[in-house]
Amino acid sequence: MITPRHIFLQHLAQTSDSPLALEIVKAEGSTMTDVNGKTYIDLISGIGVSNIGHRHPAVVEAVKKQVDEYMHLMVYGEYVQSPQVMLARRLADVFPASIDCTYFVNSGAEAIEGAMKLAKRHTGRTELVSFRNAYHGSTHGALSLMGDEFFKQAFRPLLPDIRHLNYNDTAALKEITERTAAVIIEPVQGEAGAVVPNEGFLKALRKRCNATDTLLIFDEIQTGFGRTGTFFACEHDNVVPDIIVVAKGMGGGMPIGAFAAPRNIMASLMENPVLGHITTFGGHPVNCAAALACLDVLLTEQLITGVAEREQLIRTQLTHPAISAIRGRGLLLAVLLPDAAFAREVIKRCVEKGVVTDWFLFCDNALRIAPPLNIRMYELEQACAVIQNAISEVAGN
Ligand code: PLP
């Protein structure tokens with residue numbers, strides 16, 4: 001008999017030889033149920049997406065309402081579409097000061113591409129600087145920024161004039177010069193394994209960018225919308241970027257991304273050439289309606305204030321000697337285990353016991369813990385007990 005799993009492996013393009021291959025039929029809050037009725041606690045939120053949980057009723061309602069009014073009408077930026085303009089207005093209130101103009105796209109990588117183009121166009125410079133172990137997406141431009149050779153080498157030639165510095169290396173910031181159009185950085189590095197900036201590093205970076213008239217771009221795609229315990233991770237360091245890039249958690253489960261900047265910077269995309277960035281589906285009204293509802297939920301349900309106690313619970317519950325550290329901030333945490341094989345085995349056993357966790361692209365000896373921000377405390381306790389048990393089993397004690 002041909003099962004959906006067969007088709008998944010046969011006809012759905014795979015880029016991994018070991019996909020999780022769970023067949024989920026329903027997801028709600030922080031749990032997912034598979035085709036056999038088995039329930040899983042989701043500790044990874046579809047990789048940083050379901051910050052307000054799966055199928056939040058406010059998002060579901062907003063999507064249904066918008067579908068009843070209109071779906072796609074026209075390519076980006078031509079018609080006045082109320083979900084888009086209302087979202088742009090609301091984002092101006094939550095973005096760091098002075099960032100008041102948003103360009104909507106469909107994904108994180110696409111938002112990064114837009115931000116790279118905007119920086120080059122606005123400054124008239126070509127060089128871009130990013131960091132080792134940075135992940136900004138998988139399209140050609142975003143891949144060029146990636147700070148890891150293994151995943152890049154097969155796809156060269158990539159974009160020229162990109163330099164990589166070491167994250168948290170303040171001395172290296174002198175490599176940023178008057179040639180540099182922009183520096184792009186994750187205010188907490190996600191795929192590096194939840195690496196937090198050292199005290200003062202982002203401030204020193206801001207200072208160097210000011211001195212060289214270089215634009216500072218914060219990639220808040222994984223860290224944004226409450227993930228690290230503040231609305232945006234850059235708030236921890238009190239540093240304001242020139243351009244902010246968002247996606248993932250923004251849409252409450254629907255696909256949307258954006259790059260945003262002060263209006264005078266964004267205006268560079270209007271001339272020489274006109275239509276400096278074009279998208280058909282960017283800012284899709286249904287996705288904007290979902291994002292608006294998600295924003296409301298984050299603020300009215302005060303989900304971000306609950307992040308600290310959840311982080312605390314994880315840090316106090318996971319205390320096995322095989323854990324060398326728990327790195328990260330808020331609910332973007334990496335539990336560091338002895339090696340990749342150990343981590344893989346723990347992940348496998350957790351999934352068997354109904355707890356979904358994962359590794360990081362550039363840190364395969366760590367366990368990813370990034371649940372919905374409103375995961376219930378008892379669910380989190382239950383999940384931590386399962387992880388703790390799995391670690392004990394794999395460690396043999
Ligand atoms: N930037 C960061 C920090 C990310 O974590 C990701 C995705 O994991 C991206 C960019 C790319 O986003 P997308 O997968 O939506 O293209």
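Residue indices begin at 1 and follow the sequence shown. Just follow the structure's listing: the first ligand is 1, and inside any ligand the first atom is 1. Just so you know, these numbers use all the heavy atoms, side chains as well, and skip hydrogens, waters and symmetry mates.
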What orientation do Phe151 and Phe362 show, parallel under 30°, tilted 30 to 60°, or perpendicular over 60°?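 Because their plane-to-plane angle lies in the 30° to 60° range, the rings of Phe151 and Phe362 count as tilted.
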
Distance (rounded to the nearest 0.5 Å) between Phe259 CZ and Cys101 SG: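 Answer for the CZ-SG pair, Phe259 versus Cys101, is 9.5 Å.
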
Rounded to the nearest 0.5 angstrom, the CZ-SG distance for Arg206 and Cys234 is 11.0 Å

Check: Looking at residues at least two apart in the chain, or sitting in another chain, which of them share a salt bridge (Lys or Arg N to Asp or Glu O under 4.0 Å) with Glu352?
Finding: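 In terms of salt bridge (Lys or Arg N to Asp or Glu O under 4.0 Å), with neighbours along the sequence ignored, Glu352 is linked to Lys348.
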
Partner set under ring pair (Phe, Tyr, Trp, His ring centres under 6.0 Å) for Phe281, not counting sequence neighbours: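 Ring pair (Phe, Tyr, Trp, His ring centres under 6.0 Å) list for Phe281, sorted by chain: His72.
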
Hey, which residues fall under 4.0 Å of ligand 1 on heavy atoms?
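Residues near ligand 1: Ser107, Gly108, Ala109, Tyr135, His136, Gly137, Glu186, Asp219, Ile221, Gln222, Lys248.
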
So ring pair (Phe, Tyr, Trp, His ring centres under 6.0 Å) across residues 311-361, not counting sequence neighbours, yields none

